[in-house]
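Lettering follows sequence order; numbering is per chain, from 1. Worth saying up front: this structure is predicted, and the values here are computed from it rather than measured.
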Amino acid sequence: RAARDLPWRNTRDPYRVLVSEFMLQQTQVARVAEYYPRFIERFPDLETLARAKPRAVREQWDGLGYYARARNLHALAKDVTRRHDATLPSDPEELIKLPGVGPYTAGAVASFAYEKPVPAVDTNVNRVLRRVFFDRATRNVQRATKVWELARTLVPKNGKRAWRFNQAIMELGALICVARRPKCPECPVRTVCRTGKSRRTDAQGRIG
DNA sequence: GTCCGGAACT
DNA sequence: AGTTCCGGAC
């Protein structure tokens, strides 16, 4: 509903989704918004990126940090161009085998590009789910796999709904259910959220 | 000065 | 389970 309009949300092109996710792994939205369009213009598709010189890729990435990810992305492009006929896999199990692709990025590409009904748990989503569904004691101890299990049960079975669901939770985590001082009074799910409920009566305590 | 963030590696 | 990478926000 109150989602921000971001360039990589208006596409289902797997390559573009992949690039945005690689950038977002390490950097905040505002900064990615600055780099992403230039990168896409310079390397519009996987083949172009695969053919590019490491130097050129690095230059486009300069200032974003975590340069190993740029190398991974480049290696991935070469990999996929060679082995998968320049088409990114749609299955998270396959995606995760690619360099620089972990559980989150695999889920994100599968959902945001291919509209597969799979969860994508980044730290935002992780934080939101833990606050909403787990009590304070459990929250600190919950293993990541538990949150993924929960996310799997929550994601709509319909791919388009799953896409919106994943985007919505990430947006919630990024704008409202932020790490430091969550804005519970503005939160649309506060009435069903453990944390939101307990905080409604509090003046403004911190979240443990 | 401290916290934040995915994946990879120890 | 803890560390590293890198730059920005606070």
Side-chain angles (χ1 to χ4, degrees), chain A residues 4 6 8-9 14-39 49 54-55 57-80 88-89 91-113 116 118-131 137-152 155 166-184 186 195 204-208:
Chain A
R4 293 166 294 180
L6 300 168
W8 49 88
R9 289 202 172 130
Y15 169 71
R16 294 186 177 218
V17 172
L18 182 79
V19 170
S20 71
E21 291 303 336
F22 260 72
M23 289 185 171
L24 287 163
Q25 277 174 11
Q26 60 226 30
T27 310
Q28 292 177 307
V29 165
R31 197 143 188 79
V32 172
E34 191 182 324
Y35 279 77
Y36 170 84
R38 278 193 277 127
F39 193 95
L49 181 59
R55 180 82 173 272
V57 178
R58 159 73 202 226
E59 274 168 18
Q60 287 302 304
W61 206 268
D62 204 22
L64 275 176
Y66 290 92
Y67 302 103
R69 308 230 178 273
R71 291 193 297 274
N72 281 336
L73 183 58
H74 195 195
L76 184 155
K78 292 180 176 175
D79 237 54
V80 172
L88 276 175
D91 182 1
E93 305 259 326
E94 288 300 316
L95 284 163
I96 206 169
K97 293 176 185 167
L98 300 168
V101 177
Y104 165 71
T105 307
V109 172
S111 173
F112 299 149
K116 291 235 172 188
V118 298
V121 181
D122 66 353
T123 47
N124 280 332
V125 176
N126 188 52
R127 182 177 57 249
V128 171
L129 294 183
R130 290 190 340 197
R131 281 185 180 154
T138 343
R139 209 185 304 148
N140 300 323
V141 192
Q142 279 299 334
R143 305 284 270 100
T145 54
K146 284 286 177 193
V147 180
W148 275 90
E149 278 175 36
L150 172 64
R152 215 174 304 282
V155 185
N166 285 327
Q167 293 282 357
I169 299 199
M170 295 209 298
E171 200 74 345
L172 190 62
L175 299 179
I176 310 276
C177 196
V178 293
R180 309 202 189 213
R181 285 167 156 276
K183 301 167 179 166
C184 296
E186 308 171 33
T195 303
Q204 50 158 303
R206 283 207 51 226
I207 299 299

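Across all strands, A/Thr27 comes closer than 4.0 Å to no nucleic acid atom at all (heavy-atom distances).
Checking the phosphate oxygens (OP1, OP2) of C/dA9, no side-chain nitrogen or oxygen of A/Arg180 falls inside 4.0 Å.
Qualifying side chain to side chain contact (heavy atoms under 4.5 Å, CB included) partners for A/Lys97, counting only residues two or more places apart in sequence or in other chains: A/Glu94. Scored by the ring-ring contact (aromatic ring centres under 6.0 Å, His included) test, A/Tyr36 finds A/Trp8 as partners (sequence neighbours excluded). Taking the side chain to side chain contact (heavy atoms under 4.5 Å, CB included) definition, one finds that A/Glu34 meets it with A/Arg31, A/Arg38, sequence neighbours left out.
At whole-Å resolution of the value, CG in A/Leu73 and C1' in B/dA7 are 14 Å apart. Distance OH (A/Tyr104) to C1' (B/dG5): 11 Å, rounded to an integer number of Å. As a whole-Å value, the separation of A/Asn124 CG from B/dG5 P is 7 Å. Note: CD (A/Gln28) to C1' (C/dC10) measures 11 Å, nearest angstrom. We find that NZ of A/Lys97 is positioned 14 Å from P of B/dA8, with the value rounded to whole Å.
Residue pairs that meet the salt bridge (charged side-chain N to carboxylate O under 4.0 Å, His left out) test with at least one member in residues 14-29 of chain A, sequence neighbours left out, are A/Asp13-A/Arg16.
Other residues, nucleotides and ligands place no more than 12 heavy atoms under 6.0 Å from the CD atom of A/Gln28.
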List, with names and distances, any nitrogen or oxygen atoms from the protein found under 3.5 Å away from nitrogen or oxygen atoms belonging to nucleotides 3-7 of chain C.
residue, atom, partner, partner atom, Å
C/dC6, O4', A/Tyr66, N, 3.4
C/dC6, N3, A/Tyr66, OH, 3.2
C/dG7, OP1, A/Tyr67, OH, 3.0

Atom pairs and distances, donor-acceptor, side-chain atoms in residues 121-128 of chain A, under 3.5 Å, two or more places apart:
residue, atom, partner, partner atom, Å
A/Asp122, OD1, A/Asn124, N, 3.2
A/Asp122, OD1, A/Val125, N, 2.9
A/Asn124, OD1, A/Arg127, NH2, 2.6
A/Arg127, NE, A/Cys177, O, 2.7
A/Arg127, NH2, A/Gly173, O, 2.8
A/Arg127, NH2, A/Cys177, O, 3.2

